[in-house]
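Data block below; observations after.
Please read these numbers as outputs of a predicted model, since none were measured by experiment. Numbered from 1 within each chain, the chains take letters A, B, ... in sequence-line order.
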There are 2 protein chains.
Amino acid sequence: MDAESAANAGRGARTSGPATPPTSPPVGVTKITSPNGPAEERSAPDELPEAAPIPNGHTGEQSAPDGPGTAQTAIDGLPEASPAPNGLTGEQSAPDAPGTAQTAIDGLAVSVPPTIYDVARAAGVSIASVSRVLNGRRNPRPETRDRVLQAVAELGFIPDGAARALSVRLKEVAGVIVRQPWASKTPEDVFADEDDSLQFPDMINRGIAEAAQRRGFDILVRSVSLDEHDPGGRTLALARKSDGIILHDRVLEPDQLERLARQIPVVTLAGVATPMTANVSSDNPAGMRDLARHLLYDHGYRSISYIGGHVDSPDSIARFRTLAAEVADAGAEFVDGPQWQGNYTAGGGARVMNNLLARRTDLPRAIVCANDQTAIGVLYALERHGISVPGDVAVTGFDDIPVARHLHTQLTTVRQRIRELGETAFEVLYSMINRETPVDRDIVLPTMLIRRQSCGCGEARQP
Amino acid sequence: MDAESAANAGRGARTSGPATPPTSPPVGVTKITSPNGPAEERSAPDELPEAAPIPNGHTGEQSAPDGPGTAQTAIDGLPEASPAPNGLTGEQSAPDAPGTAQTAIDGLAVSVPPTIYDVARAAGVSIASVSRVLNGRRNPRPETRDRVLQAVAELGFIPDGAARALSVRLKEVAGVIVRQPWASKTPEDVFADEDDSLQFPDMINRGIAEAAQRRGFDILVRSVSLDEHDPGGRTLALARKSDGIILHDRVLEPDQLERLARQIPVVTLAGVATPMTANVSSDNPAGMRDLARHLLYDHGYRSISYIGGHVDSPDSIARFRTLAAEVADAGAEFVDGPQWQGNYTAGGGARVMNNLLARRTDLPRAIVCANDQTAIGVLYALERHGISVPGDVAVTGFDDIPVARHLHTQLTTVRQRIRELGETAFEVLYSMINRETPVDRDIVLPTMLIRRQSCGCGEARQP
DNA sequence: CTGAAAGCGCTTACAG
DNA sequence: CTGAAAGCGCTTACAG
């Protein structure tokens, strides 16, 4: 059997319907299968007979709730393999299942994993003892310990997380909700990819995950789009799988937030601390003030505008306010209006500029963007229209994401301690989960002005 | 009470030790608290008295396994609030807990969430009925339905995921293991940030998450570093929280992989399908062949080298082989050797080049990199040494990550359908979880050569 | 030190 | 249509 046919061996076999697929897409994973690569690069070992060893048969058959339950039982090897106390009933083979041993045949069978009862029996001890040696509670007798450990190794036992979670009331999972900026992208959007690129939220998540790992936690990330019909619902759905929730930017309305916080610990990023929630964010006022003064006094720009992020973003609002105040204090002109509303994406920034330029609007001397992503779009639009940055117009960002320094015109921006934002958010959440008294429930991290080319620094301003 | 003191209100209160912190870091989340931002930006509403309404008291007290269990019970509102059948024992207040009502005081208290029993009682029906209306099973009487729904709304009931998972034997969670390239970064590494940037793996994960969402699944991502002492252990730990596992690149040894696959469905990315696992990857041979021929025949380069990724990476090995073969076929020179070993990071690429240049080695006419990240490092090193790309040396990448087109010298590379790789991996895993016959267990996605500047295309080759 | 048993919060046949 | 009960796989006082 050559690789080609081996790869298709599974085809044509009966396929059972998935268990109530939420939004079932055009199903079918059929892809272009290596049109021309050398065979050895994609060979599919397919020793059917002995290739799928069923350590301990006995299929639990998780029949789909509705839909015709389809039984694809593996070869039932050891009938008496699971003498669990609470009488395992063995597989409940669906009535319409003509043949069995199907999953075993296609070689991808996964037998029902062993439980703590299997380990206990194999080791000749009680499940309590197994649990104890596995969790290092009260030192068991060395012999007991060894026997258990051996049984565990032999069976390849992996304790079920759900069962443990239910028992200790701790899942060791933190849910993270991100506002999805890349939802509204159009096919021909030049920045589709760029907006898919590493965002500020991704880096924060990296920080969260890192801190979580130290505590034995994992993170479950879910993104909700701006135009989501029910962000609250999606958030709740994630909450049931987590011990606590971290909310990026502003994903929930205040009332929804309160409801959620009543059920589970909640930490917001860039929001505002409430009696029930904690918050961690960067010092927007200080960051924007430094940037604004640099533009106003160091460069002497007399007219400045601000391209906002999401309309209701606390971060964007804070930045806007500080900038407007600084511009006013300097007696300079603050160019404002609805046409300057962005959405934190490069596409949004480009759109704002294109619209402005189409109307032949006079541009301010400097354009301050809500974040780097937006600035990237602005730079692009300006460049395409032959407008020089920073010669004709200065442009700045906020965040200092990695790409910022690789742009053709390096971006002047305000650096946030992005990962630290995430790490801190997790630590606060962790303490809340442990019902500890949080050290502080409104944490603000410092920022730093990063001067590069786009504001007019770095190189002699060329016309 | 001003914002400053409000923020510190919680301090000084007794803090209980966290439950067996794995690798306890210098604890304490104390951060720089807004050095100079206006107060209203970080105000912490702190209406102590009525701020923390305890809907239905009764604290479950998840006392830390070892360590002195510290009880921080909330105000016990409704003593008889949980008439659960299996006799809830109420809080097991730890012996050393002098006072209670502590979490309520600091305002961040989270009462024990209601269970299905609370809902059933409130609605005057059985828990079975609650479960049925919530899951839309067998249409309940409209009245029953309404009462349940109302009770759910009133109590803010969120069914516990662990309990559900245990019962239906499905967690609706897919575990994803990534090989962590950013582990070995040194402080002074110029590319630390760049390597922190959106990587190929991140984009794949985005695809996985997207596909997962359609099926009601969430993904749990864990990264293991190359020098991990026990990648298998960390993987198993994640496996207990998941229904299936997706492995990036090559994170497990074949034997570990087999052990894992015997317990739980496994899909590898860029690996090789085995009797127990499925694999999805890009067509490396075709992609590299197109690239190699472009370099060899279109540009006529006669000497080429390859900077590899991780030594044992199947992708890198496949690319290497194809390139070597193509170069040989063309009768050109393939410059090889251990000094050309990279590690998929920009830092790695830069290091290889710096070492080579330090030894004043003659460079080949073209340097093919295992991935874009590596190429970025190479471009950087070359530029610093005043070597012109593509004038003196051509450089190419692989992946076509977003930054590739934003580099000063735009990168010629081989595009992979990155997100699709992830989406496909999830779909295959999903079918395995449902014990379906997979459509194909070795899926290969097509690639596409993207010619930009770094190979010598696009602009007239300047000296 | 160890075992028997209760309990975690759901879902789902099984009988009314 | 609905309720009582069993069962999912662990952990943990509680008694030996």
Has A:Asp146 got a side-chain atom pairing as donor or acceptor with A:Glu143's backbone, closer than 3.5 angstrom? no

Which one, C:dG3, D:dC1, C:dC10, comes nearest to the side chain of B:Ile116? C:dC10

A:Gln263 has an atom CD; how far is it from atom C1' of C:dG9, in whole Å? 15 Å

Watson-Crick and G-U pairing of DNA chain C written in dot-bracket, each distance under 3.5 angstrom, with | for inter-strand partners: |||.||||||||.|||

Candidates D:dC10, C:dT2, C:dG9 - which lies nearest the side chain of A:Thr144: C:dT2

Take atom CG of A:Asp118 and atom P of D:dC10, then tell me their distance rounded to the nearest Å. 9 Å

Once you round it to whole Å, what is the distance between P of D:dC10 and CZ of B:Arg169? 10 Å

Whole Å only: how far is the OH atom of A:Tyr117 from the P atom of C:dA4? 11 Å

Can you tell me if B:Ser129 touches the phosphate of D:dG3, counting only side-chain N or O atoms and a distance under 4.0 Å to OP1 or OP2? yes

Find every protein N or O atom lying less than 3.5 Å from an N or O atom of nucleotides 14-16 of chain C, and list the pairs.
residue: C:dC14; atom: N4; partner: B:Arg138; partner atom: NH2; Å: 3.0

Measuring to OP1 and OP2 of D:dG9, would you say a side-chain N or O of A:Arg164 lies under 4.0 angstrom away? no

D:dG3 phosphate, OP1 or OP2, under 4.0 Å from B:Ser126 side-chain N/O: yes

By side chain to side chain contact (heavy atoms under 4.5 Å, CB included), which residues pair with A:Ala153, not counting sequence neighbours? none

Residue list, side chain to side chain contact (heavy atoms under 4.5 Å, CB included) with B:Leu236, at least two apart or on another chain: A:Ile158, B:Arg259, B:Leu260

Return the value, rounded to whole Å, for the distance between atom CG of B:Leu166 and atom C1' of D:dC10. 8 Å

Side chain to side chain contact (heavy atoms under 4.5 Å, CB included) with B:Asn139: which residues, sequence neighbours excluded? none

Please report the distance, rounded to the nearest Å, between NZ in A:Lys171 and C1' in D:dC10. 14 Å

Got a donor-acceptor pair under 3.5 Å from the side chain of B:Ser167 to the base of C:dG9? no

Name the residue from B:Ile246, B:Asp243, B:Ile264 that meets the side chain to side chain contact (heavy atoms under 4.5 Å, CB included) definition with B:Leu429. B:Ile246

Pairwise C1' distance for C:dT12 and C:dG16, with rounding to whole Å: 16 Å

Hey, does the side chain of A:Arg234 reach the backbone of A:Ser223 with a donor-acceptor pair shorter than 3.5 angstrom? yes

If you compare every side-chain N and O of A:Arg137 against the phosphate oxygens of D:dA13 (OP1, OP2), does one of them come in below 4.0 Å? no

By side-chain hydrogen bond (donor to acceptor under 3.5 Å, both in side chains), A:Arg145 pairs with (sequence neighbours left out) none

Can you tell me which nucleotide in C:dG9, D:dC10, D:dG3 comes closest to the side chain of A:Asp160? D:dC10

Residues two or more places apart in sequence or in another chain: which of them pass side chain to side chain contact (heavy atoms under 4.5 Å, CB included) with A:Ala165? A:Lys171, B:Ala162

If you only use heavy atoms from C-beta on, which nucleotide in C:dT2, D:dC10, C:dC10 is closest to the side chain of A:Pro140? C:dT2

Which residue lies more 5' along DNA chain C, comparing A:Ile127 with A:Arg141 via nearest heavy atoms: A:Arg141

Looking at D:dG9, I'd like to know if its phosphate oxygens (OP1 or OP2) sit under 4.0 Å from a side-chain N or O belonging to A:Thr115. no

Tell me, please, which residues at least two apart from B:Ser131 pass side-chain hydrogen bond (donor to acceptor under 3.5 Å, both in side chains). B:Asn135

Is the shortest side-chain N/O distance from B:Ser131 to OP1 or OP2 of C:dT11 below 4.0 Å? yes

Roughly, in whole Å, what's the span from CZ in A:Arg121 to P in D:dC10? 13 Å

Value in whole Å for how far the C1' atom of C:dT11 lies from CD of B:Glu172: 13 Å

Residues B:Glu172, B:Arg215: salt bridge by 4.0 Å N-O rule: no

Residue list, side-chain hydrogen bond (donor to acceptor under 3.5 Å, both in side chains) with A:Arg132, at least two apart or on another chain: none

If each of B:Gly124 and A:Leu134 is mapped to the nucleotide of DNA chain D with the nearest heavy atom, which maps nearer the 5' terminus, i.e. the 5' end? B:Gly124

